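Values in this document were obtained by computation on a predicted structure and should not be read as measured data. For ligands, and for the atoms within them, numbers begin at 1 and follow the listed sequence.
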Amino acid sequence: MKRILLTIIFAAAALNAGAKNITVNTPNTTLLLTAEQDKAVYVQYYGDRLEDASQAVNAQIRKTPAYPCFGYGKEFFNSIALSVVHSDGDLGTDLRYVSDSYNEKDGIHDWVITTKDSKHNFEVDLCYRTYDNCDVLEMWTVIRNGEKKPVTLEKFASAALPFRQGDVWVSHIHGKWASEGYLTEEPLNKGVFEVSDIACPKNAFLNRPNIMLSLDGKPKENSGRTVGAVLCWSGNFKMTVNTNFESCHYLVCGINETGSRYTLGKGESFTTPALAMVYSNEGKGGVSRNYHRWARLDGKIHNGQALRKTLLNSWEGVYLNVSQDGMERMMDGVQALGGELFVMDDGWFGGKYKRSVDNCALGDWVTDGEKLPDGVPSLQKAAEERGLKWGIWIEPEMTNTLSELYEKHPDWVICNPGRDVVCGRGGTQLILDMSNPAVQDFVFKVVDDIMTETPETYYIKWDCNMEVYSVGSSYLSADRQSHLYVDYHLGLIKTLERIRAKYPDLVIQNCASGGGRINYGLMPYFDEFWTSDNTDAEQRLFIQWGTSMFFPTCAMAQHVSASPNHQTGRSLPLKFRFDVAMTGRLGMEMKPSDLNEEEFEFARNAFSTYKEIRPIVQQGDLYRILSPYEDHGFASEIIVAGDKSEAVFFAYKFRQYANQQDWPVFRFDGLDPDAKYTLTELNRINSPEAWEGKTFTGRFLMNTGLELKLKGVYSSCVIKCTEVRN
Ligand code: GLA
């Protein structure tokens with residue numbers, strides 16, 4: 001007995017003496033962490049899947065702290081993820097490994113490593129999650145205050161990861177209204193690279209919380225070791241890469257701490273948002289396809305596997321001039337075109353203040369009886385009679401100084417206490433304070449009332465047209481004013497969870513003056529997003545390309561609008577406009593009655609074609625081929641069905657250069673090299689090309705390709721590839 005006990009004690013001591021490997025695997029990648037009792041947890045390796053973790057250990061790859069903390073020890077000078085003022089004023093945090101656990105359920109794997117400060121009763125769980133169906137690795141932390149008094153979190157990032165220094169490039173997305181989603185790529189030089197935002201609640205307008213690092217030089221679409229980092233957060237964010245004279249580029253991502261110092265009372269905890277990482281050997285395309293699969297299959301986009309309906313949205317057709325008759329005429333148009341859903345945009349509401357100008361009535365979600373005397377339910381019925389689903393626009397987190405809501409609840413808006421309000425759109429718009437539970441109830445009720453009055457409502461366009469100009473809350477106490485930016489989003493998410501619990505099948509579009517809120521903090525509650533207020537098909541090539549780096553086609557709302565375009569004044573052929581819109585969720589944003597007879601017929605056929613290829617376009621794997629950002633005036637991509645039996649290829653010419661010699665041969669991608677495919681041109685307006693109806697191997701199409709006759713600027717070509725099985 002004594003001997004057995006001694007053996008057990010000896011075995012435990014031996015285990016404690018050495019570092020333990022914690023292997024966090026996805027199907028093709030490994031994050032290797034090492035942990036040792038009473039020491040910090042380290043990242044040892046992140047890359048191709050290791051079947052034998054000791055390789056990375058034996059290769060002596062340098063370890064870096066998994067969650068570097070400020071203020072104590074020799075390792076915080078590189079970059080920090082956590083900075084805490086402890087209850088006794090101590091600025092140092094020294095997290096040491098305590099224990100770890102692993103769980104698997106339904107193909108989802110979870111690891112939790114618990115660490116504790118060496119002096120205070122202050123704990124941090126390092127959490128890791130992976131999935132069987134993609135190579136996404138989510139990392140976040142749970143921070144617990146077990147101290148006797150409150151502590152203050154000065155910085156509380158989600159995670160940190162090192163990448164060996166070299167010819168490493170960063171790809172990131174930036175923009176502004178009507179030009180969001182632009183892709184920028186640059187080498188990482190010495191110093192700190194930062195992409196961040198404080199435009200709460202529109203956190204993705206200027207910069208987006210997602211970047212890629214290409215580890216093998218200039219970013220390539222389909223080759224090269226490439227890493228993606230996506231912060232699943234709808235509030236202010238910060239992603240930095242610190243490149244100093246150490247051996248690593250050091251990535252730290254999380255909530256932006258500016259103006260967001262966060263107090264944790266005794267016994268309180270804080271969960272940081274997930275940082276979703278991808279590592280791929282297949283370049284940017286490989287990273288994108290992993291995020292797309294994760295979004296569709298793992299619930300990161302609401303109802304990600306459902307096919308999205310084609311629609312007509314009233315905004316660019318009539319703007320605020322909504323009327324019963326006007327809506328019904330647009331419904332007639334979309335019905336005749338073969339569309340499936342009609343959405344009434346802004347302009348339908350207002351009691352005392354009427355929404356005929358964009359400076360009033362937000363918050364007063366009652367039908368404007370002058371414009372719509374028969375009410376909204378009658379419009380839903382009118383849609384139903386035409387075989388159409390019904391959708392409606394709201395902007396529930398907002399109000400105007402000219403509104404009954406603001407007159408009743410001036411304390412519900414975000415504003416520095418004791419200062420004048422600073423207004424947005426129309427000189428009157430204000431943001432409701434989502435940290436306030438009464439406001440959360442109100443926002444829930446906006447949706448609930450619509451669903452109660454018109455239960456058959458199929459779709460809601462949820463807009464958000466303002467950022468915070470005056471930071472303060474009448475609800476939060478003086479010592480918690482700096483919680484506003486964070487609590488706004490926690491309140492919003494709580495409200496969306498309530499809405500989703502009651503209305504799981506309602507289709508909701510995420511819109512923020514276009515693509516101002518395209519982030520994975522919100523998308524689990526939204527089925528799609530309005531990609532941009534800019535519907536000019538040429539600019540959309542750039543916007544959609546950039547957006548597709550991280551978001552799947554099924555979520556990208558892409559509408560054909562009038563020519564000349566309302567944002568740029570550019571005139572484009574209808575075929576080009578359709579061919580560009582058909583790579584995502586197709587819709588229209590114009591009066592169908594403005595199409596002439598020939599155009600109408602083209603549009604009708606295009607809607608019907610789209611419905612046939614919809615499963616491929618919305619659920620397939622995207623391979624970007626020729627980038628519009630490379631200055632040759634062409635763009636192309638292909639979307640391939642999961643089993644590679646079908647694909648749709650898109651090519652565009654959008655610049656005309658005199659005497660252009662370098663006529664590209666369009667090579668396909670993503671096909672099965674050994675399969676044979678028959679080609680059919682879709683949306684064809686010219687006589688058939690030589691390849692029409694002919695059969696080619698995937699290998700030929702990918703290695704040799706086709707010389708497409710794109711005649712003139714703004715010509716385009718869509719080709720369906722169908723596998724021939726004999
Ligand atoms: C925002 C949206 C538009 C439209 C208007 C309505 O700008 O992005 O699509 O809904 O609001 O006011």
Side-chain angles (χ1 to χ4, degrees), residues 175-181 199 201-206 311-323 326-327 330 341-350 353-365 368 371-372 390-400 402-403 423-431 446 450 459-467 507-519 522 526-536 539-540 543-544 547 555-562 565-568 581 584-591:
K176 58 198 271 196
W177 179 75
S179 291
E180 54 274 63
K202 286 159 63 172
N203 81 339
F205 222 27
L206 305 174
L311 63 82
L312 173 69
N313 181 288
S314 67
W315 181 241
E316 285 195 33
V318 296
Y319 292 101
L320 294 169
N321 302 320
V322 164
S323 68
M327 294 299 100
M330 287 180 109
L341 162 67
F342 176 73
V343 182
M344 177 169 68
D345 208 288
D346 196 355
W348 61 269
F349 54 93
Y353 301 98
K354 305 224 176 285
R355 186 75 173 176
S356 294
V357 190
D358 67 357
N359 69 354
C360 68
L362 295 174
D364 302 344
W365 301 106
D368 177 346
K371 283 181 180 171
L372 302 173
W390 167 254
I392 193 164
W393 179 95
I394 49 173
E395 198 179 354
E397 299 149 81
M398 302 286 157
T399 190
N400 295 105
L402 300 175
S403 73
C423 296
R425 186 180 187 185
T428 55
Q429 186 156 340
L430 290 166
I431 307 180
V446 173
I450 286 177
Y459 178 106
I460 279 181
K461 175 173 175 178
W462 179 309
D463 214 334
C464 165
N465 286 313
M466 191 176 161
E467 41 296 283
V507 176
I508 313 183
Q509 184 190 68
N510 166 4
C511 176
S513 318
R517 249 184 177 184
I518 301 179
N519 65 63
L522 287 185
F526 290 87
D527 301 73
E528 61 169 35
F529 48 78
W530 182 218
T531 312
S532 175
D533 267 356
N534 189 340
T535 53
D536 173 304
Q539 244 189 298
R540 274 294 186 117
I543 293 171
Q544 292 168 189
T547 302
M556 287 168 59
Q558 307 186 164
H559 296 180
V560 171
S561 62
N565 179 268
H566 291 190
Q567 293 80 38
T568 62
R585 198 277 286 134
L586 175 69
M588 271 192 129
E589 188 91 14
M590 62 184 291
K591 279 193 201 142

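For ligand 1, the atoms sitting less than 4.0 Å from at least one non-hydrogen atom of K461 are 3 (C), 4 (C), 9 (O), 10 (O), numbered in the order shown with element in parentheses. Of all atoms in ligand 1, numbered sequentially from 1 with element shown, those under 4.0 Å from a heavy atom of W530 are 8 (O), 9 (O). Every atom of ligand 1 with a heavy atom of C511 under 4.0 Å away is listed here by number and element: 2 (C), 8 (O).
Looking at D463 against ligand 1, only its side chain comes within 4.0 Å, counting heavy atoms. Contacts between N465 and ligand 1 below 4.0 angstrom, taking non-hydrogen atoms only, involve the side chain exclusively.
Electrostatic pairing of E467 and R517 does not count as a salt bridge here, judged by no charged N lying under 4.0 Å from a carboxylate O. Taking a cutoff of 4.0 Å between a charged side-chain nitrogen and a carboxylate oxygen, R355 and D368 do not qualify as a salt bridge.
In terms of N/O distances under 3.5 Å, ligand 1 is not approached by W177. Any N or O atom pair closer than 3.5 Å counts here, and W315 shares no such pair with ligand 1. Between E589 and ligand 1, no N or O atom pair is found at a separation short of 3.5 Å.
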Can you check side-chain contact (heavy atoms from CB on, under 4.5 Å) on I394 and K461, steps first, answer last?
CA-CA 6 Å; I394 49 173; K461 175 173 175 178; over 6 Å; no
CA sep, side-chain torsions, deciding dist, call: Q429, M466, side-chain contact (heavy atoms from CB on, under 4.5 Å):
CA-CA 8 Å; Q429 186 156 340; M466 191 176 161; 3.9 Å; yes
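With hydrogens and angles disregarded, a donor-acceptor distance shorter than 3.5 Å links the side chain of T399 to the backbone of L362. Proximity of a side-chain donor or acceptor of Q509 to a complementary backbone N or O of E528 within less than 3.5 Å is not detected.
In this structure D536 satisfies the side chain to side chain donor-acceptor pair (under 3.5 Å) test together with T568, R570, sequence neighbours excluded.
With respect to atom 10 (O) of ligand 1, the closest heavy atom belonging to the protein is D345 OD1, 2.7 Å. The protein heavy-atom contact nearest to atom 7 (O) of ligand 1 is D533 OD2, 3.0 Å. Of the protein's non-hydrogen atoms, the one nearest atom 12 (O) of ligand 1 is D346 OD2, 2.6 Å.
Side chains of E589 and V560 form no contact here, defined as non-hydrogen atoms less than 4.5 Å apart.
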